[in-house]
Structure formats: structure tokens, C-alpha cells
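Each chain gets a letter, A, B and so on, in the order its sequence line appears, and its residues count up from 1.
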Protein chains: 2
Amino acid sequence: MGNSPKDNAQNIVKISRPTLRRLPLYYQYLKREQALGREFISCTSIAEGMGLTSIQVRKDLQVTGAVGKPKVGYHIGAAITSIEESLGYNNTKDALLVGAGHLGLALLGYEGFADYGLNIVAAFDKDPAKIGTQYRGKNVLDIAKFPDLAKRLNVQIGIITVPSAQAMDVCNLMIESGIRAIWNFAPVHLVVPEDVIIQNENMAASLSILSQELLKVKQK
Amino acid sequence: MGNSPKDNAQNIVKISRPTLRRLPLYYQYLKREQALGREFISCTSIAEGMGLTSIQVRKDLQVTGAVGKPKVGYHIGAAITSIEESLGYNNTKDALLVGAGHLGLALLGYEGFADYGLNIVAAFDKDPAKIGTQYRGKNVLDIAKFPDLAKRLNVQIGIITVPSAQAMDVCNLMIESGIRAIWNFAPVHLVVPEDVIIQNENMAASLSILSQELLKVKQK
DNA sequence: TAGATTGTTAATCGATTAACAATC
DNA sequence: TAGATTGTTAATCGATTAACAATC
């Protein structure tokens with residue numbers, strides 16, 4: 001019945017880092033094409049629209065389990081579902097955010113995260129002026145309440161948007177409160193136990209790539 | 001006089017993408033060690049502190065032109081300077097930002113960018129309620145004034161922090177105004193001419209990596 | 001001097017690209 | 001059917017890791 005050796009591997013498929021970075025982009029792109037009323041799309045077309053090669057698109061979609069038809073291409077809806085499943089977008093995960101500054105509020109209020117299965121439950125801060133306020137229907141709570149709430153809701157994801165100097169303290173607090181994965185926006189290296197996952201959002205890195213490219217162009 | 005074949009290559013050294021992403025992290029780390037009063041550091045020590053291998057650290061520092069002494073390690077100050085030079089942190093670049101929402105203001109007010117040679121001159125928005133306001137001494141101006149100011153100051157870098165739906169329009173406006181490099185925070189694929197550099201800050205990608213790791217751990 | 005640590009060349013690993021067969 | 005497009009296997013490219021010689 002046309003079974004591939006992948007069928008029994010199911011969810012356990014390891015997705016490479018570069019592919020993992022591109023999948024959300026496909027997702028965004030396909031969603032947009034779908035909104036335009038399109039039903040099928042070839043990987044050549046995706047590649048052109050996204051500035052990649054068609055082979056890469058095929059390889060990437062393959063790891064999600066998406067299947068296309070020769071001469072027709074991929075069913076957009078099915079491809080979207082495949083990506084959603086392999087990235088876990090469909091089972092929503094709760095998160096708590098610490099640091100209700102502008103960046104924190106930007107993340108707290110960003111509705112787009114729902115698409116990626118992320119629900120930021122509330123924000124925390126130590127500033128009395130911020131505690132008790134709301135932003136887009138979400139509360140800014142006293143940081144002292146963090147451990148209690150995290151444990152009660154069994155939240156696994158923490159988001160750090162405090163200044164660098166406080167990031168390590170917040171990180172420790174999170175770990176003590178049972179947080180297993182930390183999305184860190186402070187430009188510091190956080191030291192964590194083996195079993196805690198850290199994902200650094202490193203804006204300085206992107207910036208470096210940008211200025212490097214700009215430098216290269218100027219030298220020509 | 002111990003000249004290496006790299007000496008005449010000077011600034012033209014191509015730095016690989018992965019290295020380019022790590023260099024700012026070394027920079028941050030070394031700055032912190034320097035602040036602690038340390039003068040020399042071995043790559044083993046850097047590697048341990050940052051969760052990398054010592055060989056990788058040596059290779060990375062090498063492309064910046066940093067030179068170490070056997071048994072002593074790298075002079076921290078000199079290594080910092082090397083990174084600064086190869087990433088262009090020392091010649092400050094002006095940038096204009098469009099979209100004075102929370103994310104935009106977070107970037108506008110972030111003092112850390114100065115370290116990376118980026119100076120956000122002003123923000124722009126179309127919302128009359130925001131136009132004319134200030135944040136940390138920087139003005140929020142009418143988007144209508146963008147082309148004029150960009151041309152007059154000969155600004156090369158534009159930062160997009162508007163909602164996805166408006167990003168492409170803003171992008172076009174920037175290009176018409178002479179912007180050559182765009183740092184895009186909207187989760188859309190922007191189509192630009194060959195000679196315009198786009199750097200997408202793709203939060204969804206980082207988020208995907210985080211949830212994927214979390215998924216993997218759970219399955220064990 | 002002896003030993004630690006850098007610098008450099010070689011080997012491995014993984015991701016991208018190319019080629020081509022399978023198929024609707 | 002013929003041709004476009006997928007799926008898959010092989011070849012290339014580049015980055016990481018390993019090994020070792022150079023040197024303070």
C-alpha cells in the first residue's frame with residue numbers, strides 16, 4: 001500500500017536545525033497563498049516566492065511528511081497541516097513572561113503566537129507601577145507570584161525580557177518554579193542544568209549579519 | 001616578521017554565516033569578563049563559559065584576526081577590538097525605524113545597540129496619536145517625512161516593526177528613499193531588488209526550535 | 001626545561017545541490 | 001500519450017571536529 005520506511009518513525013523524526021528555521025517561513029507563506037484562494041502549489045512556485053531552490057523546498061517539506069502529486073504539486077491545506085503537526089503548533093503550550101517593558105509587552109500582545117501554539121498566560125514584573133496593570137486583556141503580576149502560578153498551572157515555558165543584569169536571577173527563579181524551556185531575549189549567556197532548554201533570541205547576531213553584508217557591498 | 005598570508009586580505013575576509021552569528025556572543029562574553037577585571041583568557045575557558053568547543057572558539061576568533069599566546073591565551077581587550085573591527089562596530093551606522101508600537105519602541109529605546117554600532121535616529125508612524133511623541137529622547141515622526149529625512153541624512157538602514165499587512169508598503173517606501181539594508185521584524189517575506197539587503201528577524205523560527213526541543217524531551 | 005595553549009592541516013560530518021527515475 | 005513535477009539516490013560543498021606541530 002505504498003508504505004515508506006518513514007511511516008513507523010512517526011513523530012520521532014529529527015528535523016535539522018536549518019530546516020527547523022525554514023519551516024515556519026513555509027508555514028507563513030503557505031497560509032498566505034491559501035488565503036488568496038489557491039489550493040495546490042508546486043515547490044518551484046514556493047521556491048520562487050521565498051527565494052529558495054525548489055529542491056530545498058521539496059526536501060524540507062518531505063521531513064514534515066507532506067506529500068505532493070507529480071504535475072499538480074502540494075495540496076496547500078495538507079502541507080500546512082503537516083507543518084503544524086511536526087512543529088507542534090496544534091497543541092497549544094502555555095508560557096509565562098517576566099519583564100513587562102516594551103519588548104515584553106510587544107510579545108505579550110502579539111496575537112500571531114497563537115498560530116504557533118504559544119499562549120502567553122501573563123507577564124510578571126517587580127515594578128509596582130506595572131503590577132496590576134493589563135495589556136490586551138493580559139495581566140501584569142507581581143514577580144513574587146511567579147513560582148506559585150507556574151507550579152499551579154504546570155507551565156513549561158518561560159520568556160525572559162528583563163535587562164541583562166537581572167536575567168540570570170529570573171532564569172534561576174524560573175527553573176526553581178518548574179520551567180523546562182526558556183526563551184531568552186536578554187543578551188547574556190545563561191547557565192542552566194542539562195535538562196533545561198535555552199533558546200536565545202539573539203538580535204545582535206542578526207544585526208551583525210546585516211552590517212556585514214552592508215560592509216561587503218560597500219567594498220565592491 | 002611573522003606575516004601571515006591573511007595580512008594583505010585585511011577587511012575582505014569572508015566570515016561564514018554560523019561564525020557571524022557567534023561573534024556577537026563572544027563579544028558580549030569577553031566584555032563581561034573584561035568588566036570582571038580579567039586580562040587574558042584561554043579559548044578553553046571561553047568555550048566552557050559559552051557552551052562551545054575550544055576548537056570552535058579558536059577558529060572563530062581566528063577569522064577576526066585575534067592572536068593568542070600559547071600558555072597565556074588571548075588578550076581580552078585585543079580580542080574585543082578584533083571583533084569590533086571585523087563586524088564594523090566601531091563605525092556607527094544610522095538607522096530609521098518605522099512602526100512605533102511596543103516592539104518598535106523597545107528597539108528605539110534599547111541602549112545596547114550603540115555597542116554594535118547602530119544608532120536609531122528616529123521612529124516613524126502613521127498614527128496621529130503617536131506622531132510628535134518622544135521616547136527616551138527620540139522622536140516619533142510622521143511617516144510622510146520618511147523619504148525626505150532618509151535622503152537628507154543619507155541613511156542606509158531601515159527597521160520595519162509594523163504589522164505584516166503594512167510591511168511590504170513600508171519596505172517599498174524605504175527602498176524609494178534610498179535605504180539599502182532592511183531589518184525586518186514583520187513575519188512576511190519581502191520582495192526586494194537584488195542590491196537591497198534583507199535581514200529577517202524571525203521569532204517564529206526560534207520559537208519552533210524551542211518547542212521542537214521540548215517535544216523531543218517529552219518523548220524520552 | 002616541561003607543559004599548556006595556540007595555530008594549522010587533515011578527517012569527519014551534515015546540509016545543500018545535482019541527477020534521474022517514478023508517477024500522475 | 002507526453003510532459004511536468006515529485007521523490008530518492010548520489011555528488012558536492014562547507015562547517016565542525018580531530019590531530020598534531022609550533023611556541024611561549
Side-chain angles (χ1 to χ4, degrees), chain A residues 1-7 9 13-23 25-26 30 33 38-76 78-79 82-83 86 205 209 212, chain B residues 1-7 9 13-23 25-26 30 33 38-76 78-79 82-83 86 205 209 212:
Chain A
M1 237 189 228
N3 274 17
S4 90
K6 253 162 242 135
D7 282 326
V13 195
K14 283 262 169 59
I15 305 178
S16 81
R17 204 47 82 91
T19 299
L20 218 44
R21 295 190 86 80
R22 284 190 298 267
L23 285 179
L25 303 176
Y26 294 118
L30 291 173
E33 289 297 310
R38 212 163 164 181
E39 201 178 350
F40 285 91
I41 194 166
S42 76
C43 57
T44 322
S45 175
I46 298 175
E48 261 180 41
M50 293 182 54
L52 303 168
T53 71
S54 62
I55 308 153
Q56 190 158 54
V57 175
R58 254 179 294 162
K59 283 265 179 185
D60 284 339
L61 289 181
Q62 200 159 283
V63 302
T64 70
V67 178
K69 277 186 193 150
K71 216 184 163 177
V72 182
Y74 296 84
H75 181 79
I76 295 184
S82 295
I83 297 175
S86 48
I209 294 173
Q212 173 80 7
Chain B
M1 238 190 227
N3 274 16
S4 89
K6 253 160 238 137
D7 282 326
V13 196
K14 282 263 169 62
I15 306 179
S16 81
R17 204 47 83 91
T19 300
L20 217 44
R21 295 190 86 78
R22 284 190 298 267
L23 286 178
L25 303 175
Y26 294 117
L30 292 173
E33 289 297 311
R38 213 165 165 178
E39 202 180 348
F40 286 92
I41 195 165
S42 75
C43 58
T44 322
S45 176
I46 297 174
E48 261 180 41
M50 292 182 53
L52 302 169
T53 71
S54 63
I55 309 152
Q56 189 158 56
V57 175
R58 254 179 293 161
K59 283 266 178 181
D60 284 340
L61 289 182
Q62 201 159 283
V63 302
T64 70
V67 179
K69 276 187 194 151
K71 216 184 162 177
V72 182
Y74 297 83
H75 181 80
I76 295 184
S82 295
I83 297 176
S86 49
I209 294 172
Q212 174 80 6

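When rounded to the nearest whole Å, the span between CZ of A:R17 and C1' of C:dG14 equals 14 Å. When rounded to the nearest whole Å, the span between CZ of A:R58 and C1' of C:dT23 equals 13 Å. In this structure, CD1 of B:I46 is placed 12 Å from P of C:dT5, rounded to the nearest angstrom. Protein atom CZ of A:R22 is 16 Å distant from nucleotide atom P of C:dG14, rounded to whole Å. Distance B:I15 CD1 to D:dA15 C1': 15 Å, rounded to the nearest Å. In this structure, B:K59 atom NZ and D:dC20 atom C1' are separated by 13 Å, rounded to whole Å. Remark: P of C:dA10 and CD1 of B:I55 are 16 Å apart, rounded to the nearest angstrom. Between the CZ atom of B:R21 and the P atom of D:dT16 there is a distance of 12 Å, rounded to whole Å.
The distance from atom CZ of B:R38 to atom NE2 of B:H75, rounded to the nearest 0.5 Å, is 13.0 Å. Rounded to the nearest 0.5 angstrom, B:Y74 OH and B:I46 CD1 are separated by 7.5 Å.
Here the side chain of A:S86 pairs a donor or acceptor atom with the backbone of A:S82 at under 3.5 angstrom.
For the pair A:R22 and A:M50, the minimum side-chain heavy-atom distance is 4.5 Å or more.
For B:K71 and C:dT1, a side-chain-to-base donor-acceptor distance below 3.5 Å is absent, hydrogens and geometry of angles not being considered.
Across D:dT6, C:dT16, D:dT16, the shortest atom-to-atom separation from the side chain of A:P70 is found for D:dT6. Considering only side-chain atoms of A:S42, the nucleotide from D:dT6, C:dC24, C:dT17 that sits closest is D:dT6. Of the candidates C:dA15, C:dC24, C:dT16, the closest approach to any side-chain atom of A:Q56 belongs to C:dT16. With distances taken from any side-chain atom of B:Q62 to the nucleotides C:dG7, D:dC24, C:dA18, the minimum falls on C:dG7.
Nucleotide C:dT17 forms a pair with D:dA10, judged by Watson-Crick or G-U wobble geometry with both contacts under 3.5 Å. Taking a pair to require two hydrogen-bonding distances under 3.5 Å in either a Watson-Crick or a G-U wobble arrangement, C:dC24 pairs with D:dG3.
Toward the 5′ end of DNA chain C lies the nearest nucleotide of B:C43, the other residue of the pair B:C43 and A:T53 mapping further downstream.
For D:dC24, the OP1/OP2 oxygens have no side-chain nitrogen or oxygen of B:Y74 closer than 4.0 Å.
A donor-acceptor contact under 3.5 angstrom links the side chains of A:T19 and A:S16, judged on distance only.
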